[in-house]
Amino acid sequence: MSQYDHKKIEEDWQKEWANNQTFKAENTSKKPKYYVLDMFPYPSGAGLHVGHPLGYIASDIVARYKRNKGFNVLHPMGYDAFGLPAEQYAIQTGQHPAITTEENIKRYKEQFDRIGFSFDWSREIRTSDPNYYKWTQWIFIQLFNSWYNPQTDKAESISELVSTFEKQGYQSEELQFTSAEWMGFDEKRKSDILLQFRLAFLSETMVNWCPALGSVLANDEIKDGVSERGGYPVERKLMYQWSLRISAYAERLLQGLNTLDWTESIKESQRNWIGKSEGCSIVFEVASPLTPLQGRGELDADSSFNYQTANKKLYPVLVDFAKLHRSEPTKEEEKVWELIRNRKIQDTKFRRQHIIDQFIADFVCLELNLIIEIDGLIHSLEDNLISDEARTIKLNELGFEVVRFTNDEVNNDIETVISNLENIISEKKSSSPSPWEKGLGDEAISSRFDVVGAKNSLEVFTTRPDTIFGVSYMAIAPEHEMLNDLCVGEFRDAALQYAEKAKNRSERERQAEVKNITGAFTGSYVNHPFTGKKIPIWIADYVLGGYGTGAVMAVPAHDARDYSFAKHFGLPILEVVQGGDVSIEVYEAKQGKIINSDFLNGLEVKEAIKAAIKAVEEKKIGKGKTNYRLRDAVFGRQRYWGEPIPVYYENGIPKTFDEKDLPLVLPEIDKYLPTETGEPPLSRAKNWSYSPNLNKIQGFSSPSLLEKGLGVEANREQMGEVSYPIETTTMPGWAGSSWYFLRYMDAQNENRLVSKEAVDYWQNIDLYVGGSEHATGHLLYFRFWTKFLHDIGVVPFDEPAKKLVNQGMIQGISSIIHRVNNTNKFVSVGLKNNFETSSVYIDINLVKNNEVDIEGLKKWRPSEFENAEFEFENGLFLASAEIGKMSKRWHNVVNPDDVCNEYGADTLRLYEMFLGPLQDAKPWSTQGIEGVLRFLRKLWRLFHQGENESFLLPDTEPTKAELKILHKTIKKATEDIENFSFNTSVSAFMVCVNELQDLKCNKKQILEPLIVLLSPYAPHICEELWLKAGHNESIVYANWPQFNPEFLVENEFNYPISFNGKVRFNLLFALDKDLKEIENEVLANEQTLKYLEGKPAKKVIVVKGKIVNVVV
RNA sequence: GCCCAGGUGGUGGAAUCGGUAGACACGCAGGACUUAAAAUCCUGUGGCUUCACGGCUGUGCGGGUUCAAGUCCCGCCCUGGGUACCA
C-alpha cells in the first residue's frame, strides 16, 4: 500500500465527493461569494477530447483555490443542449433529438466526473429542458413588450410608449403621426408601427439563407461565405421574420467594454463588430429634378416610377397592409373593382389599394387625380368619420378629389354608382387634364409630391466631411431605394442591368471578386452643395445597401476604394488634403492641411471636420451623426430543435403567449424536415395553435410528456375554442446561452427566472472561462441580454462577467503515411520523395515517436492495409505529422478517459496546465506527461520514506531552509493562480518537491501546507494524503497557507560582477552593505584587475541585490 | 488591406519593474542499482572553440536609447487569430 495507486485513490475520492455533495454551494452564507463559470458545452456525440477540459481544469483550480481562501464558491456546469447535430442526426435516423441529446449528456457527465471537477451538480441546467426554456421564452416576451427609449437610454415598457402615442402622437425623421391619427389607426396598423419599436420584432430583412441547412444563419454563423457548420453555401434572401434590436444597445455595449477585465483582443473584436463611426450626413440635391414623365413613353406603365406616391418613410409599413387589403378585398370593393379594372370605364386606369402619402386609398386614378373610396361599416363609427374627414382634407391638399360610396350604395344600386362614376370621370377629363397632359410635367408632379413622392435628393454618410470639396462622383449601392428614379436616359438600361446583376451576386461571389472593380453610370447628377458643380451618380457594388444610407460621396484622392474606382473609370481625383502625392497613390491619413477647399483651406483635418459639419448644419443639408456597423440579430430559425417562439397570430397580428401558458413545449412531428412547401418543421405539428382564453393549455403541457421534453397534440377546435396559429420558427442556438449564468443561481425556481435574493447574493460572474471563438457571437448577445434584464429590473448589474479568460485551443497531431499513387504500397516518410505519393491519415494511437505499428495498422483497417506492402527505412516505418484541429476526421482525437486510465486524473490536470500558458494554442502530445506522473510519485514518496515505505509524517520543527522552500512555494503558487499562470506554478511545485527531496524532508509542518497548495491542481492525491495525515474534514475546506516573508529574508547576495555588461564572476556581499564599500571592494578584487586590463574603471554601477557593472 | 497576439535550445516553455537568458519538464548522452527488465537515483546537455582554465557568440532581421536590452524606441520580415469593400 505504499505505491501511488492513482486509479484507486481517484475512484474513491470521486465517490466520496459525490456522496457528500462536497461542492454544493449555498445561496446564503456569511462568506464572501465567488462565481466562477465555464462556457457550457454543446454535448456532441463524439464526447470530450483532451482539448475540452483545458479551460474547465483552470476554472476548477480557481474554484478550489477560492474555497480554500474562504469564499463561498458557485461553480456550476450544464449543457447548451439545443443545436444542429442532434437535429441532423434526427433527420437521418428518425431518432428524437431529445433522446440523442440525453445520451450525449450522460457520456459528458461520466467524462467530467473522471477528471475530478468540483462542480455543484445540483444546479445543472440544460437549455433544451422546458423548465429552462420556459424562461428563455419569458425573456423573449419581455423583449417583445419593450422598446428602447433613447432619452432615458434604456429599455422601457411598450405600453408606456403606446400611452405616449395616445397623448402626443410621434414625430421623427422616419415616422410621424398625431395622437388623433394614432387613435384612428386600426389594430394592424398599430401593430405594424409598434413592431418598429419593439426589441423583438418582425421585419422584412435581408438574411443569410442556407438552402442546404434549410435555415437562416446569423452573421457570426458564417465563415468565408459558407456555413460554419457543414460548410454549405449561403445566399442573401429577403425574408419576413423575427429579429432582436441589439443595435439599440450598440453604444452601451461599446462603453461597457471599458469596465471589463477581458483581454484586449476580445474587446477589440467587439469594438470592430459594433463598428462605431462618427461623421455626418449630407444631402445632395439631384441636379435634374426627378421627372416622372421621363421614360413614361419608353416603359410600360406598371414598371414606371410615376405611380410612386407613397411617403417613403411609411412605405415599408404600409406596403404589407396594402398587399393584405388587395388579397382580402371586401365583397363591395371586389364588385366595384370588377367594373373599373382594365380600363373598363372610359379607358381610365385605376389602381386598387394604392398608397398616397400616408394613406391607402381603395381605388386611384393618377391621371385624373381621382380617388374612390368604398366605405364599409367601420367608416360609420364616429372616430372614423373624423379621421375620414381629416384624410379627405389631406388628400384634397395633395390635389386629389375623393369620391365616396357606401357599401349599401354598392350593394343596392350599383348602376347608379357606375353612372355617377362615369359622369365624374368625363367631367374631370374635359375640365382638368392630368398634369402630364397639361405639359406641366416634372414641375407639377414634383411640387405636388414634394413631400410624398419620390425624393429628389441623395443622402450620404461620411466620416470625412472635411474632404467635401474633393468629391468627384457619388456612388450608390445596387440595392439603393432611388435606383429606379436615378437611372435615366441612354444610361438607364445598362445601369439597371448592372444593378440587377450586382444585387443578386451571392456573398461568396462578391468575396471572390473583391479585386474586380465594377460599376455603372446612372445618367443622373447631383449638385455640389458648396460649389454648385454637377457631380455624376454611379452605381458601385463596393457600396453596401445595409450600411449608412447606401450611398457615399466619393473622394478618390483620400479613400482607397474611391481611388481605385476613379482610376478604373477615369473619374477625376481632386486633392484636398496635403501630405501625399495623389497622382501616385491614395492619401488616407487624417492628417495634413486642407487645400482647394474654399472656406476650409488651411485648416488641419480635425478642425476641418468640425468646420465642415458646422457648415453643413447651417446650410440645413445634413448634420453630425454616428453610425454603427452592428446589425440587428436575426432570431428565427427554420429548425425543429430549438426553443419555440411564444407568439401566435391573431388575424395576422403577432401576439405573445400569456406567461401562465409557458413553457410552449416543442410539439411532436413526423419528420424533422421542412415541409414540401418549404415551411419550417414546426408547421408539421398538428393543431399548432393557441387559444389565449383557455385556462389550461392541454395543447402542449401534458406533465408526463413535459418530463421528456416533448409536447403533445390536442384538438382544440373540438373543444369549441377559437385558436390561432403559432409561430413556426424556433430560436437560434445563442438564445439559451445568453442568460444561463443567472439560472445556475436558482436553478429549480419555478416562479421566477431567478429569485431576487439569489441574484442579489451572487451578482455577476467573477471569472468566466471559455474559448475566444465566441468573441462576437455569444459574448455579445450575453452582454446584450444582461443589459436588457438590468433595464427591466431582473438583475442588479448590467455586465454578466467581470473577468474573462480565454483558453487556447488544444490542437491534434495527425499522423500521415504515404501511399505510392495507384499502388497498394506504402513507404516510410524518408522515401516519399522517390515516388509520387498521396497522404493517408491514420489513427494516432498506432504511432509512437513517428514510428508506425504496422500490425496494429493492419488490424485497424484490414481491408485497406492487410495486403499492403510496406517499405521501411533503416528498419523503421515512419509517418509524418501535421498539426490541426482535433477531429474524428483526421483520426487524431485523444480521449481524456484513456489518459486518466493510464496516468490518472491528477496527472492529466497537472499536465494540461503544465503544457504552457492557458491562453495559447498548443498541440496535444503526451511527450512530457511522464514527467508529471514522476513528480506525483516523488511527492507520494516524501510521505512514505523509510525502509518499508510506510506513511510517516513527523511533527518535528522544520529548519530555516525547509521553511524557505515552503514559503517560496506559497508565494509563487498564490501569485500564479491570481495571474492565471498555472504552468509556472506547476514548475514551482516541482522545484519545491525536488528541493525537499534533496533535504529528505518529511515534516508535517512543511508537507501539510504543501498539499493544500497543490490540492486545487491534483485534488485526489492531496485528499488521500490529507486523510492519511489524520484530518477528518476534506482538504477542500482547509485553510490556504499564509505566506510569511520573514522566511525569505536574505542577508547576503552573490553579486554578479559585470564589465561593460558582460558578467565575469560573482562576489558575495551582505545585503545591507554600503554600496560604496561594495564598489571599492569590487575594484580592489584581483579578478577585477584582470578584466580592467590596466585601464581605469570609468564608472561603477551597483544595484542593490541585483548586479554590479563596471564600465571600462 | 486593416486590427490583435506572438517569434527564445532538439521539443513544450521560464525570465512579473530594463539587471547573471534558457527555470521546470521532455528528449538525448553517460553512469549507479539489477542476473535482466521496469521503477528509481546521479551527472552532463544553446552554438562555436579549447586537453583544460577559459574565450567568442547567442532571444526573427536591421538600426537606436542605456552603465546594462529577450524586455524600451524606429523600420522591416515571418507565424497564428479576428475581420473584410462599414464610407
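By convention in this document, chain letters (A, B, ...) are assigned in the order of the sequence lines, proteins followed by strands, and residues within each chain are numbered from 1.
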**Prompt:** Which residues in residues 547-565 of chain A have at least one heavy atom lying under 4.0 Å from any atom of RNA chain B?
**Reply:**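 RNA chain B contact set from residues 547-565 of chain A: A:Tyr547, A:Val552, A:Arg561.
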**Message:** Under 4.0 Å, heavy atom to any atom of RNA chain B: which of residues 1102-1112 of chain A qualify?
**Reply:**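 Close to the strand are A:Val1103, A:Lys1106, A:Ile1107, A:Asn1109, A:Val1111.
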**Item:** Listed partners of A:Glu975 passing side chain to side chain donor-acceptor pair (under 3.5 Å), at least two apart
**Value:**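 Result, side chain to side chain donor-acceptor pair (under 3.5 Å) vs A:Glu975: A:Lys971.
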**Request:** Give the C-alpha distance, both sets of side-chain angles, the deciding distance and a yes or no for side-chain contact (heavy atoms from CB on, under 4.5 Å) between A:Tyr903 and A:Tyr911.
**Result:** CA-CA 10 Å; A:Tyr903 301 96; A:Tyr911 182 59; over 6 Å; no
**Asked** With respect to the phosphate group of B:rG1, does any side-chain polar atom (N or O) of A:Tyr542 fall under 4.0 Å of OP1 or OP2?
**Response**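 No, outside the criterion.
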**Prompt:** For B:rA87, does either OP1 or OP2 sit under 4.0 Å from a side-chain N or O belonging to A:Ser277?
**Reply:**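 So the side chain of A:Ser277 is within the cut-off, an N or O lying under 4.0 Å from OP1 or OP2 of B:rA87.
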**Asked** Tell me, which stems hold RNA chain B, with a stem being 3 or more Watson-Crick or G-U pairs in a row and both distances under 3.5 Å?
**Response**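 The stems are B:1-7 with B:77-83, B:10-12 with B:24-26, B:27-32 with B:40-45, B:46-49 with B:54-57, B:60-64 with B:72-76.
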**Asked** Is the number of heavy atoms from other residues, nucleotides or ligands within 6.0 Å of NZ (A:Lys968) greater than 12?
**Response**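 Check passes, neighbour count above 12.
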Produce the list of close N/O pairs, under 3.5 Å, pairing protein atoms with atoms of nucleotides 56-63 of chain B; give distances to one decimal.
from, atom 1, to, atom 2, distance (Å)
B:rC56, OP2, A:Arg1064, NH1, 3.0

Listed nucleotide nearest any side-chain atom of [X], set [options]:
{"X": "A:Asn272", "options": "B:rA87, B:rC42, B:rC3", "result": "B:rC3"}
{"X": "A:Asn1066", "options": "B:rU20, B:rC67, B:rC41", "result": "B:rU20"}
{"X": "A:Glu975", "options": "B:rU16, B:rU40, B:rU11", "result": "B:rU16"}
{"X": "A:Trp273", "options": "B:rC86, B:rA84, B:rU16", "result": "B:rA84"}

**Item:** Most 5' of A:Leu915 and A:Pro1056 on RNA chain B, judged by nearest nucleotide
**Value:**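 Nearest nucleotide further toward 5': that of A:Leu915.
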**Message:** Nearest heavy atom decides the nucleotide; on that basis, is A:Asp920 or A:Glu268 closer to the 5' end of RNA chain B?
**Reply:**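 Checking each residue's closest nucleotide, the 5'-ward one belongs to A:Glu268.
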What is the distance, rounded to the nearest whole Å, between atom [atom1] of [X] and atom [atom2] of [N]?
{"X": "A:Asp632", "N": "B:rC86", "atom1": "CG", "atom2": "P", "answer": "20 Å"}
{"X": "A:Arg629", "N": "B:rU83", "atom1": "CZ", "atom2": "P", "answer": "9 Å"}
{"X": "A:Asp976", "N": "B:rA14", "atom1": "CG", "atom2": "P", "answer": "11 Å"}
{"X": "A:Glu264", "N": "B:rU83", "atom1": "CD", "atom2": "P", "answer": "17 Å"}
{"X": "A:Ile613", "N": "B:rA87", "atom1": "CD1", "atom2": "C1'", "answer": "14 Å"}
{"X": "A:Ile266", "N": "B:rC4", "atom1": "CD1", "atom2": "P", "answer": "15 Å"}
{"X": "A:Gln919", "N": "B:rG80", "atom1": "CD", "atom2": "C1'", "answer": "15 Å"}
{"X": "A:Asn1060", "N": "B:rC67", "atom1": "CG", "atom2": "P", "answer": "11 Å"}

**Prompt:** What orientation do A:Phe565 and A:Trp538 show, parallel under 30°, tilted 30 to 60°, or perpendicular over 60°?
**Reply:**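 Perpendicular: the ring planes of A:Phe565 and A:Trp538 meet at over 60°.
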By the 4.0 Å heavy-atom rule, please label [X] as base, sugar-phosphate, or nothing.
{"X": "A:Lys972", "value": "base"}
{"X": "A:Tyr473", "value": "nothing"}
{"X": "A:Pro923", "value": "nothing"}

Would you say the side-chain atoms of [X] pair up with the backbone N or O of [Y], donor to acceptor, closer than 3.5 Å?
{"X": "A:Asn1060", "Y": "A:Val1112", "result": "yes"}
{"X": "A:Asn1109", "Y": "A:Ile1101", "result": "no"}
{"X": "A:Thr549", "Y": "A:Glu459", "result": "yes"}
{"X": "A:Ser772", "Y": "A:Asn806", "result": "no"}
{"X": "A:Thr1088", "Y": "A:Val1082", "result": "yes"}
{"X": "A:Arg783", "Y": "A:Leu253", "result": "yes"}

**Request:** Check the pair A:His778, A:Trp734 against side-chain contact (heavy atoms from CB on, under 4.5 Å), reporting the backbone distance first and the verdict last.
**Result:** CA-CA 6 Å; A:His778 162 64; A:Trp734 50 267; 5.6 Å; no
In whole Å, what separates the [atom1] atom of [N] from that of [M]?
{"N": "B:rC76", "M": "B:rC4", "atom1": "P", "answer": "15 Å"}
{"N": "B:rC72", "M": "B:rG19", "atom1": "C1'", "answer": "14 Å"}
{"N": "B:rG58", "M": "B:rU20", "atom1": "C1'", "answer": "15 Å"}
{"N": "B:rG13", "M": "B:rG22", "atom1": "C1'", "answer": "10 Å"}
{"N": "B:rA21", "M": "B:rG27", "atom1": "P", "answer": "28 Å"}
{"N": "B:rG63", "M": "B:rU59", "atom1": "P", "answer": "13 Å"}
{"N": "B:rA14", "M": "B:rA25", "atom1": "C1'", "answer": "11 Å"}
{"N": "B:rA69", "M": "B:rU8", "atom1": "C1'", "answer": "14 Å"}

**Prompt:** Where does B:rG9 land, syn or anti, once you apply the within-90°-of-0 test for syn?
**Reply:**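 With its glycosidic angle within 90° of zero, B:rG9 counts as syn.
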**Request:** Identify whether the glycosidic angle of B:rC61 places it syn (within 90° of 0) or anti.
**Result:**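 With its glycosidic angle more than 90° from zero, B:rC61 counts as anti.
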Charged N to carboxylate O under 4.0 angstrom, [X] versus [Y]?
{"X": "A:Arg561", "Y": "A:Asp559", "value": "yes"}
{"X": "A:Glu264", "Y": "A:Arg271", "value": "yes"}
{"X": "A:Lys964", "Y": "A:Glu1050", "value": "yes"}

Taking atom types as modelled, is there a side-chain donor on [X] or [Y] under 3.5 Å from an acceptor on the other?
{"X": "A:Ser985", "Y": "A:Tyr1017", "answer": "yes"}
{"X": "A:Asn627", "Y": "A:Ser277", "answer": "no"}
{"X": "A:Asn994", "Y": "A:Lys938", "answer": "yes"}

**Asked** Mind checking whether A:Tyr473 and A:Phe569 have ring centres under 6.0 Å apart?
**Response**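 No, the ring of A:Tyr473 stays outside the 6.0 Å limit from the ring of A:Phe569, centre to centre.
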**Asked** Taking it one step at a time, do A:Thr518 and A:Tyr498 satisfy side chain to side chain donor-acceptor pair (under 3.5 Å)?
**Response** CA-CA 9 Å; A:Thr518 62; A:Tyr498 167 75; 2.7 Å; yes
Nucleotides 23-25 of chain B: which of its N/O atoms have a protein N/O under 3.5 Å away?
from, atom 1, to, atom 2, distance (Å)
B:rA25, OP1, A:Asn994, ND2, 2.9

